There are 2 protein chains.
Amino acid sequence: MGRSGVQELRAGLRPGAHGQEIELRFRKGEIIFFQGDRSDGWFEVVSGIVRTCRFHIDGHRQLTGFYYKGDAFGVECGRREAAAEAVTNAILSRHFAAAGELESSSQNHALERALESANQCIFLLGRRNANERVAAFLLIAAERLESPESIPLPMPRSDIADHLGLTIHTVSRTISGFVRRGLIELDGPQMCRIIDVEGLMAVAGEEVEAAIERLHTAGPSSVAVHPRGERL
Amino acid sequence: MGRSGVQELRAGLRPGAHGQEIELRFRKGEIIFFQGDRSDGWFEVVSGIVRTCRFHIDGHRQLTGFYYKGDAFGVECGRREAAAEAVTNAILSRHFAAAGELESSSQNHALERALESANQCIFLLGRRNANERVAAFLLIAAERLESPESIPLPMPRSDIADHLGLTIHTVSRTISGFVRRGLIELDGPQMCRIIDVEGLMAVAGEEVEAAIERLHTAGPSSVAVHPRGERL
DNA sequence: CGAAACCTTGACTTTAATCAAGGTACGTGG
DNA sequence: CCACGTACCTTGATTAAAGTCAAGGTTTCG
């Protein structure tokens with residue numbers, strides 16, 4: 001049912017400035033492309049917010065990224081690894097991939113950005129507990145939006161949860177915890193103000209005590225790096 | 001201490017076939033490059049296994065991938081996002097990035113493979129429990145090694161743990177659990193045989209239909225996709 | 001005003017981390 | 001060759017964290 005609507009909307013695209021680029025509008029909640037679609041180019045966010053998501057077999061969703069103004073997404077070749085959807089009303093600039101040599105450097109750049117974005121997602125998911133993940137998520141959002149204090153969170157809690165590998169309950173409780181500890185304040189569930197950046201960064205990096213405790217463990221990393229004291 | 005050894009080894013590189021490529025040998029445990037190093041090219045695995053890892057502030061390690069014969073790693077530009085280390089003795093082919101137009105299509109290809117690898121890592125970490133993650137890890141290793149039944153696991157359990165976001169204890173217990181359930185067998189901790197592929201896939205949550213699912217994902221996504229029943 | 005979607009919180013359960021102890025494989029040197 | 005040390009692996013008991021179940025509250029919009 002949704003699919004035909006998207007096709008319609010795609011048909012309604014308007015030619016952009018360069019022939020190679022096209023500007024598209026999507027409304028909140030609309031699908032930009034489906035997981036498994038044949039890929040014929042990538043997108044850049046002009047305004048609004050976009051999410052990409054993949055589905056596990058049990059229906060459980062993994063959001064692989066949120067994309068803000070200037071971010072690129074959907075750079076994969078062949079088939080779409082993840083679906084893309086508009087979190088808010090959004091304007092996108094579309095770039096076609098198969099355009100040959102002229103395009104290759106910009107495609108390269110887009111690929112690099114996509115890789116960076118993927119690495120950021122890995123780094124978020126690699127954190128060990130909910131506090132770290134949510135704090136890091138908020139700080140990243142603040143940085144991406146270039147809004148040092150005020151962070152709009154137009155995505156539902158379920159999006160944040162599926163991005164961080166948590167449940168909406170844990171996300172909600174964690175955010176409430178931050179409010180209780182005076183790290184942030186909420187103006188409604190969709191608007192967050194950071195009160196104590198330092199404190200939030202400390203949480204994101206892990207509580208101080210835990211970090212110290214780990215240093216005393218005599219660097220598990222260096223051990224792991226040279227498992228058998230291999231000499232070079 | 002390790003660094004000087006690596007530099008020495010780098011000095012000992014031998015010119016390869018095409019001038020643009022060089023073949024390098026690393027011994028088990030050696031560092032290929034450090035996180036934060038300036039990037040001047042990427043690598044392809046000729047033989048052996050390589051891991052890439054990033055470190056969180058607390059010293060906690062995140063392995064972002066294992067790379068087997070034919071895999072590319074270290075494709076990022078600017079500075080290395082992650083360190084790379086030889087899990088086993090390894091032979092690598094080195095590709096220089098700044099070589100201009102001729103190289104750009106192969107760099108593009110390498111970037112795409114790197115992105116795929118990152119996505120796989122996200123998909124592993126996105127799984128909800130230890131059973132799913134370990135089972136998926138084993139299946140992926142089997143597939144990558146093109147060894148349908150016998151999976152060598154030359155990396156220590158700590159590597160697997162840091163890759164999957166678990167502890168070595170949980171990894172060990174989970175593997176033991178699979179053995180107890182008759183899904184796999186171990187010939188020593190570093191050699192694993194899959195007894196019941198179907199069963200393991202069922203545990204991983206990624207049944208044979210997974211590939212198919214990806215092709216027509218319209219169903220389950222449309223629910224999540226239209227949180228407010230937005231009409232197009 | 002009512003409905004729908006979304007958010008928060010409390011009580012309880014499950015899962016994985018932590019703490020602690022042994023066990024195994026393997027290389028080194030006596 | 002065997003004893004020893006080191007790194008690595010496994011397992012049991014306990015604790016901490018996040019998931020689940022359940023209920024009620026808030027926001028938004030028609």
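Remember, it's a predicted structure, so these values are computed and weren't measured experimentally. Numbers restart at 1 for each chain; the letters A, B, ... are given by sequence-line order, proteins then strands.
Between the CG atom of A:Leu153 and the C1' atom of D:dT27 there is a distance of 15 Å, given to the nearest Å. Across the protein-nucleic acid pair, A:Arg157 atom CZ and D:dT26 atom P stand 15 Å apart, rounded to whole Å. Per the geometry, CD belonging to B:Glu132 stands 12 Å off P belonging to C:dT15, to the nearest Å. One atom, CZ of A:Arg127, and another, P of D:dA17, lie 17 Å apart when rounded to the nearest Å. Residue B:Asn129 contributes atom CG, which lies 15 Å from atom C1' of C:dT13 at whole-angstrom precision. Going from atom CG of A:Leu164 over to atom P of D:dA17 covers 18 Å, rounded to whole Å. Distance CD1 (B:Ile168) to P (C:dC19): 13 Å, rounded to an integer number of Å. Straight-line distance from the CZ atom of A:Arg128 to the C1' atom of C:dT15: 17 Å, rounded to whole Å.
At the heavy-atom level, A:Leu186 lies under 4.0 Å from the strands shown only through sugar-phosphate atoms. Contact annotation for B:Ser172: base contact, defined as any heavy-atom pair under 4.0 Å involving a base atom. Among the heavy atoms of the strands, none lies under 4.0 Å from B:Gly177. Backbone-only contact: B:Leu166 has heavy atoms under 4.0 Å from sugar-phosphate atoms and none from a base.
Listed for the B:Glu132 side chain is no donor-acceptor partner under 3.5 Å among the backbone atoms of B:Asn129. Side chain of B:Gln62 to main chain of B:Asp162: a donor-acceptor pair is present (N/O by atom type, distance under 3.5 Å, no hydrogens or angles). The backbone N or O of A:Phe55 lies less than 3.5 Å from a partner atom in the side chain of A:Gln35, making a donor-acceptor pair. Listed for the A:Arg80 side chain is no donor-acceptor partner under 3.5 Å among the backbone atoms of A:Asp37. A donor-acceptor contact shorter than 3.5 Å links the side chain of A:Glu76 to the backbone of A:Glu81.
Contact annotation: B:Thr167 side-chain N/O to C:dA17 OP1/OP2 distance is under 4.0 Å. The side chain of B:Thr170 places no N or O atom within less than 4.0 Å of a non-bridging phosphate oxygen (OP1 or OP2) of C:dA16. Between C:dT9 and A:Ser176, a contact under 4.0 Å exists linking OP1 or OP2 to a side-chain N or O.
With hydrogens and angles ignored, a donor-acceptor pair closer than 3.5 Å exists between the side chain of A:Arg173 and the base of D:dT20.
Figure legend: cation-pi geometry between B:Arg144 and B:Phe66 absent, as NZ or CZ is not positioned both under 6.0 Å from the six-membered ring centre and within 45° of its axis.
Legend: residues meeting salt bridge (Lys or Arg N to Asp or Glu O under 4.0 Å) with B:Arg173, ordered by chain and number and at least two apart, are absent.
Of the candidates C:dT18, C:dT8, D:dC9, C:dT8 carries the atom nearest the A:His169 side chain, counting heavy atoms from C-beta on. Considering only side-chain atoms of A:Gln190, the nucleotide from D:dT20, D:dT10, C:dC7 that sits closest is C:dC7.
Comparing the helix axis at one end of the helix from C:dC1-D:dG30 to C:dG30-D:dC1 with that at the other, each defined from 5 consecutive pairs, gives an inter-axis angle of 30° (nearest 10°).
In this structure, A:Gly188 and A:Ala130 both approach DNA chain D, and ranking their closest nucleotides by distance from the 5' end singles out A:Ala130.
Just one residue in the list A:Ile175, A:Val203, A:Ile195 forms a side-chain contact (heavy atoms from CB on, under 4.5 Å) with A:Leu183, and that residue is A:Val203.
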